[in-house]
Amino acid sequence: MMASVSSQPQFRYTQPPSKVLHLRNLPWECTEEELIELGKPFGRVVNTKCNVGANKNQAFIEFADLNQAIAMISYYASSSEPAQVRGKTVYLQYSNRQEIVNNKTTADVAGNVLLVTIEGSDARLVSIDVLHLVFSAFGFVHKITTFEKTAGFQALVQFSDSETASSAKNALDGRCIPSYLIPEHMGPCTLRITYSAHTDLSVKFQSHRSRDYTNPYLPVAPSAIDGSGQVSVGLDGKKLEPESNVLLASIENMQYAVTLDVLHMVFSAFGPVQKIAMFDKNGGVQALIQYPDVQTAVVAKEALEGHCIYDGGFCKLHISYSRHTDLSIKVNNDRSRDYTIPNTPMMNSQPSILGQQPASAVGAAAQQYGGGPYAPALAPAQHTMHHQPPAGWGPVPGAQSMPMQMQGHNPPYMQQGTVPFQMGPGMMHGPSHPGLPHPPPMPPYQSQ
DNA sequence: AGCACA
């Protein structure tokens with residue numbers, strides 16, 4: 001006999017699982033949006049096709065992953081409530097196809113990330129800040145990445161949700177960037193917008209090509225296109241970030257421990273450091289460093305941005321201006337310290353971490369800056385985007401084993417005609433001495 | 001119940 005199934009079985013059990021589901025008994029003019037809504041609770045719907053079949057009341061839903069399709073089938077297999085669209089029960093089964101084939105791409109499926117192509121002869125002169133400004137009018141922009149493709153200059157703009165992204169797309173697709181946001185000599189820049197298949201962009205650090213605005217310690221550009229003074233200054237990609245006496249340093253590729261004292265020494269090369277607060281952010285370490293004045297912070301930022309605390313691209317600093325002006329240090333510990341409080345035990349808590357006191361280290365390093373043995377450590381890093389992971393090799397003293405050179409990179413810390421690496425007192429040369437920094441090759445302390 | 005070429 002027949003197994004006892006309900007009078008209207010929603011499922012056919014003979015189909016092998018597929019990430020494509022076949023739906024039938026749909027209301028007559030079911031939209032793709034309704035299909036997405038139906039499938040959304042179970043996973044990411046990457047494609048749909050509706051109005052298929054003889055009576056145009058069938059459809060397909062394709063999930064990103066087979067398990068998501070299984071989840072939907074499984075749910076409704078045991079649910080007392082059948083799957084419904086507009087109150088009408090729809091019947092689900094695995095499709096006998098493995099993917100929906102149509103001329104639609106993910107670019108037509110609404111998502112929270114937009115793929116923006118900037119058209120125009122001067123398209124690549126459009127800065128990421130202008131893009132941020134334009135798209136922020138529709139909601140909080142989480143991240144932006146820009147890149148050059150055969151299609152031209154493109155950007156991925158990430159919103160919180162597809163609704164916000166859709167409103168931006170609807171308003172901006174085919175439109176030009178407002179002329180007051182770009183210099184007069186630039187021709188019109190038209191935006192062509194589709195949906196991206198991305199849902200969360202990977203932005204490793206802030207740069208002129210990519211930004212992550214979800215970091216609360218980074219300045220946020222004006223959220224509306226209001227024509228105020230700030231909007232015209234974003235073309236160099238930097239000016240929207242107001243200067244501050246407090247720097248936000250994030251540490252990339254942190255192979256070695258970077259302690260509060262290391263940071264204090266590095267940043268003290270430019271002037272008195274008043275306060276430091278370290279914290280973990282997005283799986284990395286960041287620190288806020290407070291100077292008494294903006295000028296000192298500017299000098300420190302300019303000198304340190306993109307430089308590495310340790311050789312071999314380790315512990316690369318990315319520095320921006322914080323919106324803070326005075327840090328609130330509640331307790332002095334190994335993560336936060338207020339150096340302006342006279343009776344505070346500063347180095348005492350970790351008496352022997354440093355080979356040298358910061359001041360002497362700075363003095364010793366000062367003469368070396370620009371070509372001496374210590375210079376490599378904080379030379380400008382040119383490969384800011386894609387460092388090779390250092391697995392398998394350690395920084396070994398001696399020119400014969402410069403790993404980045406061996407990998408065919410132009411080692412950013414190498415300076416022509418100089419001995420690339422020499423050991424010095426207190427120098428860091430491998431993971432066996434974590435916490436020992438290079439003396440920072442900084443300009444001498446300037447008190448003004 | 002049924003599975004498409006836009």
Side-chain angles (χ1 to χ4, degrees), chain A residues 1-117 149-151 154 162-163 165-167 169-170 172-174 191-199:
Chain A
M1 305 294 273
M2 297 281 288
S4 65
V5 292
S6 61
S7 58
Q8 287 273 6
Q10 267 197 303
F11 312 103
R12 188 174 59 187
Y13 299 96
T14 52
Q15 289 289 349
S18 164
K19 59 186 163 64
V20 181
L21 301 185
H22 177 235
L23 288 71
R24 51 196 165 75
N25 203 43
L26 285 160
W28 176 49
E29 56 212 345
C30 177
T31 65
E32 312 227 323
E33 286 70 30
E34 287 170 311
L35 296 177
I36 293 170
E37 288 304 310
L38 193 64
K40 212 190 233 175
F42 305 96
R44 191 158 70 86
V45 177
V46 295
N47 210 344
T48 61
K49 175 66 190 166
C50 57
N51 308 323
V52 296
N55 299 320
K56 301 294 178 195
N57 59 356
Q58 300 173 61
F60 299 95
I61 294 177
E62 179 178 341
F63 284 97
D65 188 84
L66 175 63
N67 289 329
Q68 299 167 350
I70 293 174
M72 184 167 181
I73 291 291
S74 304
Y75 174 83
Y76 285 113
S78 58
S79 168
S80 55
E81 288 290 314
Q84 291 184 324
V85 171
R86 301 187 202 181
K88 193 174 179 195
T89 295
V90 302
Y91 303 107
L92 314 176
Q93 60 199 290
Y94 296 115
S95 172
N96 53 25
R97 314 288 182 92
Q98 289 306 304
E99 62 181 3
I100 295 177
V101 290
N102 54 18
N103 55 7
K104 206 172 55 173
T105 67
T106 56
D108 300 304
V109 179
N112 65 316
V113 177
L114 298 177
L115 173 63
V116 182
T117 305
K149 277 280 186 67
T150 51
Q154 294 188 303
S162 57
E163 288 74 20
S166 296
S167 67
K169 178 179 182 293
N170 292 337
L172 294 175
D173 188 19
L191 301 173
R192 301 290 174 194
I193 304 176
T194 61
Y195 295 106
S196 164
H198 289 92
T199 55

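Quick caveat, the model's predicted, so the values are computed rather than measured. In what follows, chains are A, B, ... by sequence order, proteins preceding strands, each numbered from 1.
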Open item on the list: Base, sugar-phosphate or nothing for Gln98(A)? Non-hydrogen atoms, less than 4.0 Å.
Closed with: nothing

TODO: May I have the distance from Lys49(A) (atom NZ) to dG2(B) (atom C1'), rounded to whole angstrom?
DONE: 16 Å

TODO: Flag the pair Arg86(A) / Glu29(A) as yes when at least one side-chain heavy-atom distance between them is below 4.5 Å, and no otherwise.
DONE: yes

TODO: Grab the two heavy atoms, one from Arg97(A) and one from Val20(A), that are nearest each other, plus how far apart they are.
DONE: O-CB, 3.7 Å

- [ ] Name all residues meeting the ring pair (Phe, Tyr, Trp, His ring centres under 6.0 Å) criterion together with Tyr195(A); count only those two or more places apart in sequence or in a different chain, and write none if there are none.
- [x] none

Open item on the list: Between P on dC3(B) and CD on Gln15(A), what's the gap in Å once rounded to a whole number?
Closed with: 10 Å

Task: OP1 or OP2 of dC3(B) under 4.0 Å from side-chain N/O of Arg24(A) - done: no

Open item on the list: Output the rounded distance in Å from CG (Leu21(A)) to C1' (dG2(B)).
Closed with: 16 Å

Open item on the list: Rounded to whole Å, please give me the gap between CG in Asn51(A) and P in dA4(B).
Closed with: 14 Å

Open item on the list: Does any part of the side chain of Gln15(A), heavy atoms only, come nearer than 4.5 Å to the side chain of Asn96(A), both counted from C-beta?
Closed with: yes

Open item on the list: What is the separation between atom NE2 on His22(A) and atom P on dG2(B), rounded to the nearest whole Å?
Closed with: 9 Å

TODO: Let me know the distance between NZ of Lys19(A) and P of dC3(B), rounded to the nearest Å.
DONE: 20 Å

Task: Distance in angstrom units between Asn47(A) CG and dC5(B) C1', rounded - done: 14 Å

Open item on the list: Tell me if the aromatic rings of Tyr91(A) and Tyr76(A) count as close, with their centers under 6.0 Å from one another.
Closed with: no

Open item on the list: Any base atoms under 4.0 Å from Val20(A), or only sugar-phosphate, or nothing? Heavy atoms, all strands.
Closed with: nothing

- [ ] Give a yes-or-no answer on whether the side chains of Thr31(A) and Glu34(A) include a donor-acceptor pair shorter than 3.5 Å.
- [x] yes

TODO: Grab the CD-C1' distance between Gln93(A) and dA1(B) for me, whole Å please.
DONE: 9 Å

TODO: Go through residues 53-60 of chain A and report each residue with a non-hydrogen atom lying under 4.0 Å from DNA chain B, sorted by number.
DONE: Asn55(A), Asn57(A), Gln58(A), Phe60(A)

TODO: Would you name the heavy atoms of Leu21(A) and Leu23(A) that are closest together and state the gap between them?
DONE: O-CD1, 3.6 Å

